Amino acid sequence: MEQEKNFPQNVAQPNPQPAQNGGRKRKKRRKHGKGGGQNNQNQPVNAQAQKVVQTPAQPQPQKQPKQQNGGGKDKTNQKTERRDEKQKNENRKDTYAYILDGNLYINLTNKCSNACDFCVRNERESYYGNYLWLRHGEPTVEKVIAQLKGFGDLTRFKEAVFCGFGEPTYKVAEMVELCDYFHSKGISTRLNTNGQGNLINKRDIVPDLKGKIDLVNVSLNASCVEKYQPICRSQFREEGFSGMIEFAKQCKRLGVRCRFSIVDCIGKDEVEACKRLAASVNVPLYVRDYITDS
């Protein structure tokens, strides 16, 4: 920068003092200067600097706003798509009944006293194409029956299963009333439950189920509380497991057909341990296949 500042003065104002070293030495300096003396170094540097200063700015910065605008449009489109999808979900009718494996399934609530690691509702709000998360509140019996009318002749279904995204025993009264409706159609009834209905309702609900539910299926999931609570995370903590076992015992005592169920992916040793537990309380055990895709 210092060389660039001093160079114009040397060109515009010649030095009035005579050369002290003589003309011959000056020529010698010029001769050596051809190879890169100070003046010759400054001259191309300043010429380059002047050229850079005088060169008009390139139009590259103008491209950036175009790219930003394009990105902005993409973000706007994404927001619009998310808004439209959300609106579509809000406008979608709640599913109170759906068909699976030839049976009729009834979805009454989102509530559950467990937060199981393996639950299908953890990663999706649809199950085999059925959107089960209730967005507009829990249904009344009348609403369920009204939706069932869209299924045509219900007598083609062998079984009506109370099983949705929540624990059905939160809706005992509605479930019992619907059982009468299905029995009038010649359809048997099944309850898939985590077995914590007595804890949820703070009373013994098994007498309510007698003569209404033809089969109570209790999800055992583990052979002991130490293995059950880490994967099922009951809001009742350790009492959730013991309450489940007592619920199954009570069903057995009152003559309500009941069974435990587990999934075969828990390992052979754990399956055998669950079989021993079920045998100890005289409740049969059903081992079902793990559902890998929904």
Side-chain angles (χ1 to χ4, degrees), residues 97 100-109 111-114 116 141 144-145 148 154-164 166-225 228 232 234 236 238-264 271-288:
L100 185 64
D101 295 333
N103 288 328
L104 187 62
Y105 280 70
I106 307 301
N107 181 38
L108 296 177
T109 183
K111 298 176 184 176
C112 189
S113 55
N114 278 358
C116 300
V141 171
V144 175
I145 293 177
L148 287 171
L154 298 182
T155 59
R156 61 194 173 100
F157 298 109
K158 179 181 178 181
E159 195 175 31
V161 185
F162 293 94
C163 177
E167 167 54 41
T169 56
Y170 275 97
K171 305 287 288 181
V172 174
E174 291 81 0
M175 182 171 57
V176 167
E177 189 172 345
L178 285 168
C179 284
D180 291 336
Y181 174 79
F182 289 124
H183 284 161
S184 70
K185 303 290 184 181
I187 305 172
S188 64
T189 57
R190 175 177 18 127
L191 166 62
N192 286 356
T193 178
N194 61 17
Q196 297 171 17
N198 290 348
L199 298 174
I200 291 169
N201 292 277
K202 298 180 181 179
R203 66 179 181 88
D204 183 7
I205 67 169
V206 177
D208 298 358
L209 306 181
K210 187 174 182 179
K212 307 296 182 178
I213 296 294
D214 297 309
L215 173 63
V216 175
N217 184 89
V218 180
S219 298
L220 184 59
N221 295 327
S223 62
C224 61
V225 63
Y228 181 88
C232 294
S234 171
F236 302 108
E238 287 74 13
E239 192 179 357
F241 184 81
S242 59
M244 171 187 63
I245 301 300
E246 183 57 35
F247 177 82
K249 289 180 179 180
Q250 181 67 350
C251 287
K252 184 71 176 179
R253 283 193 291 264
L254 293 185
V256 178
R257 186 180 169 211
C258 178
R259 72 182 182 190
F260 288 124
S261 69
I262 57 174
V263 183
D264 61 1
V271 168
E272 293 302 317
C274 288
K275 287 181 179 179
R276 291 192 294 270
L277 172 62
S280 70
V281 295
N282 198 25
V283 174
L285 177 68
Y286 169 62
V287 181
R288 64 179 179 85

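Just so you know, these numbers come straight off a predicted model, no measurement behind them.
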| Between Lys185 and Asp180, is there a salt bridge with N-O shorter than 4.0 Å? | no

| Taking C-beta and beyond as the side chain, do Ser242 and Val225 meet within less than 4.5 Å on heavy atoms? | no

| note | Separation between OH (Tyr228) and OG (Ser219), nearest 0.5 Å, reads 8.0 Å

| Atom of Leu209, atom of Phe247 and distance for their closest heavy-atom approach | CD1-CZ, 4.0 Å

| remark: Between the CG atom in Leu285 and the OG atom in Ser261, the distance rounded to the nearest 0.5 Å is 7.5 Å

| Taking the side chain as C-beta and beyond, is there a heavy-atom pair between Phe236 and Gln196 under 4.5 Å? | yes

| Do you know which two heavy atoms are closest between Asp208 and Val176, and how far apart they sit? | O-CG2, 3.6 Å

| request: For residues Leu199 and Glu239, determine if any side-chain heavy atom of one lies less than 4.5 Å from a side-chain heavy atom of the other. | output: yes

| request: Determine, for Glu177 against Lys171, whether the closest basic-nitrogen to carboxylate-oxygen distance falls under 4.0 angstrom. | output: no

| task | Can you establish whether the number of heavy atoms outside Arg257 located under 6.0 Å from its atom CZ is more than 12? | result | no

| field | SG on Cys274 to CG on Leu220, rounded to 0.5 Å | value | 4.5 Å

| Non-hydrogen atoms of Ile187 and Ala160 that approach each other most closely | CG2-N, 3.5 Å

| task | Please report the shortest heavy-atom distance between Phe260 and Ala278, naming the atom on each side. | result | CD1-CB, 3.8 Å

| Is there a donor-acceptor contact under 3.5 Å linking the side chains of Asn201 and Thr169? | no

| request: Would you please test Ile262 and Asn221 for side-chain contact (heavy atoms from CB on, under 4.5 Å) and show each step? | output: CA-CA 5 Å; Ile262 57 174; Asn221 295 327; 5.8 Å; no

| query | Is there side-chain contact between Asn103 and Phe157, with heavy atoms separated by less than 4.5 Å? | reply | no

| query | To the nearest 0.5 Å, how far apart are CZ in Arg259 and CZ in Arg190? | reply | 6.0 Å

| field | Over all atoms of both residues, closest heavy-atom pair of Ala97 and Leu148 | value | CB-CD2, 3.6 Å

| Quick one: CZ on Arg156 to CG on Leu154, what's the gap to the nearest 0.5 Å? | 7.5 Å

| Quick one: does Asn192's side chain get under 4.5 Å of Val218's, heavy atoms only? | no

| Sub-4.5 Å side-chain heavy-atom contact between Phe162 and Phe182 | yes

| Is there a donor in the side chain of Thr189 and an acceptor in the side chain of Asp214, or the other way round, less than 3.5 Å apart? | yes

| Beyond-backbone contact of Leu104 with Lys158, side-chain heavy atoms, under 4.5 angstrom | no

| query | With no hydrogens and no angle check, do the side chains of Asp204 and Gln250 hold a donor and an acceptor under 3.5 Å apart? | reply | yes

| request: Kindly give the heavy-atom pair with the smallest separation between Ser223 and Leu277, and that separation in Å. | output: O-CD2, 3.5 Å

| request: Look up atom CG in Leu191 and atom CD1 in Ile213, then write down how far apart they are to the nearest 0.5 Å. | output: 5.0 Å

| Are Val144 and Ile106 side-chain neighbours, meaning at least one heavy-atom pair lies under 4.5 Å? | yes

| task | Answer with yes or no whether the side chains of Glu167 and Thr193 bring together a donor and an acceptor at under 3.5 Å. | result | yes

| Pair Lys111-Ile200, side-chain contact (heavy atoms from CB on, under 4.5 Å): steps then yes or no | CA-CA 10 Å; Lys111 298 176 184 176; Ile200 291 169; over 6 Å; no

